[in-house]
Amino acid sequence: MTAAPRSHETVLAALPAHRREVFEARLERWWPDLLEGLAEVYDDADAVADRVVALAARAYAERDDDLHALDLRRTLAPDWFQRPETVGYAAYVDRFAGTLRGVADRAAYLRDLGVTYLHLLPLLEPRDGDNDGGYAVKDYRAVRPDLGTMDDLRDLTRTLRAQGISVCLDLVLNHVAAEHEWAVRARAGDPTYRAYFLVHPDRTVPDAYEATLPEVFPDFAPGSFTWDDDLDGWVWTTFNRWQWDVSWANPDVFCEYADIVLNLANHGVEAIRLDAIAFIWKRLGTSCQNQPEVHALTQALRTVTRIACPATVFKAEAIVGPRDLVQYLGTGRHHGKVSDLAYHNGLMVQGWSMLASGDVRLASHALQQLDPVPASTAWVTYARCHDDIGWAIDDGDAAAVGVDGFAHRSFLADFYSGEFPGSWARGLVFQHNPATGDRRISGSLASLAGLECGDPHAVDRILLLHALVLGWGGLPVLWMGDEVGLLNDAHWAEDPAHADDNRWVHRPVLPWPVVDEHDLLRAVRRLVRARGRTPHLHASTGTEVLDPHDTGVLLTLRQHPLGPMVGAYNVTATERWVWGDRLRAVGLDPHHSVDRVSGVTPALAGPGDVRLAPYQAVWLTAP
């Protein structure tokens, strides 16, 4: 392996000696990982590494003093995002507070809720008109004008950081808007920028790829390639015709994104959501998702960040099958070297599946199949997010418990669209694909849980899902409005920009002052406080799913150094029990235990059986 370069020394020459020493120490530490990741992808890895180290040095030299201080604190406490007191919240800036300055004005609401991590949905400047909810980015170095400026972003992150709240932003890695400067230059005939994209002169190669490519938006964006007259070719467009996929096989593209990450970090962004990360590498004959190069590139990008701004962590937006999911946190030679956080999409899907069926057997089996994740990483757990719900039920998992996977996915789509007899859910079908039968679902947590139709157990279901994601042990994130049971937006289609995308039904504006007519906010605050007082929920300890003794109760176990914690979740509308002998078998005496959710001794009967009311959740530990 070659030695780290020295070309960056000129950039750092004006810095104090201690700053230069810190950079050199980090470079020495991370150079092997940087080179290893790049060597899996690029022929001249040393040259690419030299380029990005120079970018890192420049960003380091320009970094504000308060961010250098944050880097030091985070280096000494790298588990900051794994701690039980870390709780997230996700929102669109305009729908939460109007502008970036408005978000700062509402920090007290977030603090009162217990939020320490704020994910602001896409706010970098998108194309005009249709923009996939902001994920068609026109300029990575500018904020959407109606929300503010990059200076406003810097001011917001500084304000929130002083109040203990870290900001997470989206960075779309797979594509840019067709109006992005790179695309404009490519259309103008600049060969350098044409090479940033995947362009083919005829349908020969696109047709070969499309033989195995799934369609992301079959309703309104079928196919994965779009003809462009100026390019005189077919450009790869996985998502929409105005979102051009970039070519990560081109090292110039890697360097561009490394510089963008560093710029966001220097604006105080502490977590970067790597949007559409699963799609960035293309391989003929595959789905062009989850390819090995994805993880090598993420490792390399992460090491650049570790050198210049180690306070910033990566979150993988990989909504993929269970077998592929763990790789985004690092397996094999990439163990612990890829993203720091990844969405636990499987937990979200199985949560809704359990509620619809009143049965935990499929969820228990499916969640047991996930491999352990590196102890330095964490799952992002959530009951709802800004996106649709895709029913990622694996056929093999379903068959293992005697269920037909296709039939169960169809049942879930029927149930949550309200079509199934007796359903209390009020969702909308999103992107029905007649060829595969796939139907995803839009709808707010409250409407999907039965609050819209007035079901008497709706609030209990909402709190059960909150308890599940808060008690799993990762970094739980609440979607804006779920803390007060915000219903579907009945007027979502009245905005012409949203009329063709019913995902906006679960993206309503949060009304101010916040109305909490169901007393949910107080209950969610109580759950968040209970989580913060439970050291067993540190993410470095993994969650084990136990075989159920009751088909209506999900049982989880966390073997923490302080002793075991058992989570029990009744997914039915009837009273259930956790058998005392199951608790004793994992080292927990039910007669000398406490429910961390309620803070009191659990209700016991007989030989220490724990009573669960309908839809009740308990976190049982020794006192």
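Taking the six-membered ring where the residue is Trp, Trp504 and His498 present parallel rings, their angle staying beneath 30° rather than reaching 60°. Ring-plane geometry between Trp512 and Tyr109 is classed as perpendicular, the angle between the planes exceeding 60 degrees on a 0 to 90 degree scale with a lower cut at 30.
Remark: Asp595 CG to Thr601 OG1 distance equals 9.5 Å, nearest 0.5 Å. With values rounded to the nearest 0.5 angstrom, Arg525 atom CZ is found 9.0 Å from Glu483 atom CD. Taken to the nearest 0.5 Å, the CG atom of Asp438 stands 9.5 Å off from the CZ atom of Phe406. Note that CG of Leu173 and CD of Glu317 are 9.5 Å apart. Values are rounded to the nearest 0.5 Å. Here the OG atom belonging to Ser410 is positioned 11.5 Å from the CD1 atom belonging to Ile393, to the nearest 0.5 angstrom. If you take CD on Gln327 and CD on Gln291, they are separated by 10.0 Å, rounding to the nearest 0.5 Å.
Annotation for Gly608 and Pro590: closest pair O-CB, 3.3 Å, computed over non-hydrogen atoms. The two residues Gly443 and Asn488 make their nearest non-hydrogen contact at CA-OD1, 3.4 Å. Residues Pro535 and Leu562 approach most closely at CG-CD1, 3.4 Å, considering heavy atoms. Across every non-hydrogen atom of Asn570 and Leu464, the tightest pair is O-CD2, 3.4 Å. Across all their heavy atoms, Arg461 and Ala449 have their closest contact at NH1-O, 2.9 Å. Across all their heavy atoms, Asn502 and Ser442 have their closest contact at OD1-OG, 2.7 Å.
Contacts of Asp371 classified as side-chain hydrogen bond (donor to acceptor under 3.5 Å, both in side chains), with partners at least two apart in sequence or in another chain: none. By the side-chain hydrogen bond (donor to acceptor under 3.5 Å, both in side chains) test, Arg582 pairs with no residue at all, sequence neighbours left out. Residues passing the side-chain hydrogen bond (donor to acceptor under 3.5 Å, both in side chains) test with His119 are Asp170, sequence neighbours excluded. With sequence neighbours excluded, the residues satisfying ring-ring contact (aromatic ring centres under 6.0 Å, His included) with Phe415 are Phe411, Trp424.
Residues Val597 and Leu527 have side chains in contact (heavy-atom distance under 4.5 Å, counting atoms from C-beta outward). At least one side-chain heavy atom of Leu355 sits under 4.5 Å from a side-chain heavy atom of Leu465. In this structure the side chain of Leu113 reaches within 4.5 angstrom of the side chain of Tyr89, judged on heavy atoms. Looking only at side-chain heavy atoms (C-beta outward), Ile389 and Arg384 come within less than 4.5 Å of each other. At least one side-chain heavy atom of Leu546 sits less than 4.5 Å from a side-chain heavy atom of Glu544.
Between Arg503 and Asp132 there is a salt bridge, since at least one side-chain N of the basic residue sits less than 4.0 Å from a carboxylate O of the acidic one. Salt-bridge check for Asp414 with Arg439: passed, with a basic side-chain N closer than 4.0 Å to an acidic carboxylate O. With salt bridges taken as basic N to acidic carboxylate O contacts below 4.0 Å, one links Asp550 and Arg576. Salt bridge status for Arg440 with Asp387: absent, with no side-chain N to carboxylate O gap under 4.0 Å.
Taking the centre of each ring, Tyr382 and Tyr343 come in below the 6.0 Å mark. In this structure, Phe430 has its ring center no closer than 6.0 Å to that of His506.
Evaluated for a side-chain contact (heavy atoms from CB on, under 4.5 Å) with Phe314, the options Leu171, Leu274, Ile277 yield exactly one hit, Leu274. Partner of Ile272 under the side-chain contact (heavy atoms from CB on, under 4.5 Å) criterion, out of Leu341, Asp340, Leu169, Thr312: Thr312 alone.
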Test ring pair (Phe, Tyr, Trp, His ring centres under 6.0 Å) on Phe279 and Phe239 and set out the steps.
CA-CA 10 Å; Phe279 297 85; Phe239 290 85; 5.0 Å; yes

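In the model, Arg558 has no side-chain atom that pairs as donor or acceptor with a side-chain atom of Thr541 under 3.5 Å.
Within the structure, the ring-ring contact (aromatic ring centres under 6.0 Å, His included) test picks out the following pairs touching residues 585-616 (sequence neighbours left out): His457-Tyr615. Sorted by first and then second residue, the pairs that involve residues 559-587 and meet ring-ring contact (aromatic ring centres under 6.0 Å, His included), not counting sequence neighbours, are His536-His560, His549-Trp579.
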